[in-house]
Amino acid sequence: MFKLACLLLAFTLTPLSLFARQRAQVTFRHSNLVGLVRLIDSLASLGAASPALKIIHNRTFGDDKRSRELIAKVKKEQIGRSQVDRMYALAATSKSKEELKFLIYGLRQNRKADEKPYLAFLEAIDHFSPHHEKLARAAAKPLRQLLGHLKSKKMSRLTNELVRKTMKFYRAELPIEKIDIVIVPLVGLKSEEKLTRSQSFGPLQVVEAILPSKEFGHYGVVIHEIAHYCQDHSIPLEKAFVHMKESSKVHGGMLRQSVFNEALATAIGNGYAENRAGIKWSKRWYENAIYDKYAKALYDKTKEYLIKNRELDESFANHSLRVFKKLFPNIHKKTDKVFRSVFLATQGYKPNELAQLLRNKFPVEDMQLSSPISHHFTKEGFLESGTKTKVFLLPPHKLAVLKSFSGFDFEKVKDLAKKKEGFLYVHWSDKWASFFIVIVTSSQQEGKELMKQLLAKDRIDAGLYLANESN
């Protein structure tokens with residue numbers, strides 16, 4: 001009888017515990033300390049803060065020499081972005097400025113040499129604290145109105161419903177169920193300056209709000225940031241992304257997880273949530289044109305899943321990939337995308353100079369260097385390079401070393417080399433779903449000049465031929 005009672009109790013409690021993981025408590029508030037960290041972040045351009053707060057500050061306090069010196073000092077010390085992120089969390093939980101300073105100082109390493117960035121930030125906290133207090137007082141009345149609206153029964157019910165639907169869509173099991181929405185008010189902006197940025201720090205969401213705004217025209221940003229929190233704890237999302245990568249080497253390879261995540265969060269927050277809140281959609285949902293276009297194209301399917309409380313699945317992933325292909329059929333030919341991930345090999349030349357040229361032009365995410373081309377390590381690296389763009393730089397008399405690399409037209413390159421010594425040729429390989437860029441030249445400097453010509457183009461097409469006309 002006792003065993004039966006235990007089994008019944010376990011059976012009864014299990015669904016409750018599972019259900020509990022599908023709920024989240026959302027609170028809206030203002031924090032002077034979070035706002036102060038945000039102000040310093042904005043003035044020093046340390047990370048994701050918008051320029052709007054900087055504009056408001058400089059318009060209010062003018063060209064203050066001491067402020068300039070402190071901001072220059074914070075920039076010079078180059079405090080790490082991850083440490084600044086931690087400061088937001090510390091600010092959200094601190095009860096006073098002194099407590100915040102104590103906790104920030106505790107982030108340093110135990111060596112005296114490591115404390116300079118933190119000391120500079122502590123100086124900035126003391127100096128800019130009265131500045132922030134003045135800005136906060138100017139925003140106090142419209143901020144109270146906004147928080148009253150967000151905390152009303154109607155909006156609380158809507159927010160809780162949207163969060164539940166978002167968690168269900170991602171099948172997210174959040175490690176911390178209390179979601180803290182801290183509003184950073186922005187008052188006194190001109191129409192052309194009204195660009196806000198918000199940030200998700202897991203259960204802490206820092207949301208910039210243009211005031212006065214009785215109904216908060218950027219309510220969707222709140223749900224957008226909560227969607228990012230759910231994405232960080234979603235197994236179906238990871239499976240969907242892997243499925244898209246495997247389904248299409250070209251467009252699946254071009255579809256970065258950051259693009260997919262931002263588009264989905266935008267469709268949920270800036271699209272569905274704002275529509276449910278009765279807010280008129282803004283012309284652009286996201287400042288990045290690709291994210292904006294992709295989010296709007298995913299909206300109808302995302303809305304369908306949210307209404308029906310469906311989880312993100314393979315069917316949704318297939319739809320997302322089809323939409324991406326249709327919207328951006330030639331995205332893999334955009335020069336900045338071509339050089340996002342590179343396998344670079346040289347024969348007789350140093351690969352570092354060409355690599356630096358690429359890095360100076362584009363934010364290369366992944367670069368694999370190898371030299372000489374004839375070495376078996378290069379061939380092994382080539383076989384593991386996947387869809388990376390393959391770049392080969394070599395002199396004409398060493399052309400034969402390319403013959404053992406499959407997937408591109410060696411005979412074409414060989415014929416071109418008979419006509420001219422200095423040239424660049426582009427080949428598209430279906431086998432590798434990537435471009436081969438072969439630079440045949442008698443000098444490294446000429447190779448760099450040919451690459452500069454290529455990088456100046458917005459788009460790269462198969463069969464492209466560039467030559468140094470001075471030869």
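The aromatic rings of Phe436 and Phe408 lie parallel to each other, with less than 30° between the two planes, well short of the 60° mark. Ring pair His30/His132 is parallel by interplanar angle, where below 30° counts as parallel and above 60° as perpendicular.
Salt bridge absent: Asp415 and Lys419 never bring a charged side-chain N and a carboxylate O closer than 4.0 Å. Ionic pairing of Asp458 and Lys333 is not present here: no N-O contact between side-chain nitrogen and carboxylate oxygen is shorter than 4.0 angstrom. Between Arg38 and Glu208 a salt bridge is recorded (basic side-chain N to carboxylate O distance below 4.0 Å). A salt bridge is defined here as a Lys NZ or Arg NE, NH1 or NH2 lying under 4.0 Å from an Asp or Glu carboxylate O, and Glu353 with Lys350 fails to meet this definition. Look at Asp336 and Arg340 and you find no salt bridge, because none of the NZ, NE, NH1 or NH2 atoms lies under 4.0 Å from a carboxylate O. Classification of Glu311 and Lys168 as a salt-bridged pair holds, one side-chain N sitting under 4.0 Å from a carboxylate O.
Of the possible polar contacts, one joining the Thr60 side chain to the Ile56 backbone as a donor-acceptor pair under 3.5 Å is found. With hydrogens and angles ignored, the 3.5 Å screen pairs a side-chain donor or acceptor of Tyr349 with a backbone N or O of Ser443. Judged by distance alone, the side chain of Ser234 and the main-chain N or O of Tyr170 form a donor-acceptor pair under 3.5 Å. Not one N or O on the side chain of Trp428 forms a donor-acceptor pair closer than 3.5 Å with the backbone of Asp461. Side chain of Ser374 to backbone of Val401: no donor-acceptor contact under 3.5 angstrom is found. His251 places no side-chain N or O within donor-acceptor distance of the main-chain N or O of Phe324, the cut-off being under 3.5 Å. With hydrogens and angles ignored, the 3.5 Å screen pairs no side-chain donor or acceptor of Ser429 with any backbone N or O of Phe435.
Listed by chain and residue number, His233 satisfy the ring pair (Phe, Tyr, Trp, His ring centres under 6.0 Å) test with Tyr229 (two or more places apart in sequence, or in another chain). Residues passing the ring pair (Phe, Tyr, Trp, His ring centres under 6.0 Å) test with Phe343, sequence neighbours excluded: none. The ring pair (Phe, Tyr, Trp, His ring centres under 6.0 Å) test applied to Phe241 returns no partner, not counting sequence neighbours. Applying the ring pair (Phe, Tyr, Trp, His ring centres under 6.0 Å) criterion to His243, with sequence neighbours excluded, gives no partner residue.
Side chains of His228 and Gln205: a donor-acceptor N/O pair is absent below 3.5 angstrom, by distance only. Looking at Lys431 and Ser406, their side chains do bring a donor and an acceptor atom within 3.5 Å of each other. Checked by atom type, the side-chain pair Lys390/Ser385 shows a donor-acceptor distance below 3.5 Å.
Here the closest heavy-atom approach between residue Ile373 and residue Gln347 is recorded as N-OE1, 2.8 Å. Between Gly220 and Ala273 the shortest heavy-atom distance is CA-CB, 4.3 Å.
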Side-chain donor-acceptor pairs under 3.5 Å in residues 361-368, sequence neighbours left out?
residue : atom : partner : partner atom : Å
Glu365  : OE2  : Arg256  : NH1          : 2.9
Asp366  : OD2  : Lys388  : NZ           : 3.2
Gln368  : NE2  : Gly381  : O            : 3.4

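Checked against the 6.0 Å centroid threshold, Phe410 and Phe405 do not count as a close aromatic pair. The distance between the ring centers of Tyr465 and Tyr425 does not fall below 6.0 angstrom. Separation of the Phe169 and Phe316 ring centroids falls under the 6.0 Å cut-off.
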Evaluate the criterion side-chain hydrogen bond (donor to acceptor under 3.5 Å, both in side chains) for residue pair Glu446 and Thr441; output intermediate values, then yes/no. CA-CA 7 Å; Glu446 182 182 52; Thr441 175; 2.3 Å; yes
What do the steps show when you test Lys280 against Glu274 for salt bridge (charged side-chain N to carboxylate O under 4.0 Å, His left out), and what is the final call? CA-CA 7 Å; Lys280 184 180 179 181; Glu274 293 202 355; over 6 Å; no
Please step through ring pair (Phe, Tyr, Trp, His ring centres under 6.0 Å) for the pair Trp285 and Tyr294, ending with a clear verdict. CA-CA 10 Å; Trp285 294 357; Tyr294 192 29; over 10 Å; no
Where do Arg81 and Asp85 land on the salt bridge (charged side-chain N to carboxylate O under 4.0 Å, His left out) test, with the steps shown first? CA-CA 6 Å; Arg81 180 67 239 173; Asp85 290 351; 2.9 Å; yes
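Side-chain atoms of Val338 and Lys334, non-hydrogen and from C-beta on, never get closer than 4.5 Å to each other.
Each salt bridge (Lys or Arg N to Asp or Glu O under 4.0 Å) pair with one or both residues in residues 218-235, not counting sequence neighbours, would appear here, but there are none.
The environment of Lys245 atom NZ is dense: over 12 non-hydrogen atoms of other residues, nucleotides or ligands sit within 6.0 angstrom. Lys301 NZ: more than 12 foreign heavy atoms inside a 6.0 Å radius.
With Tyr305 as the aromatic partner, Arg310 meets the cation-pi criteria of under 6.0 angstrom to the ring centre and within 45 degrees of the ring axis.
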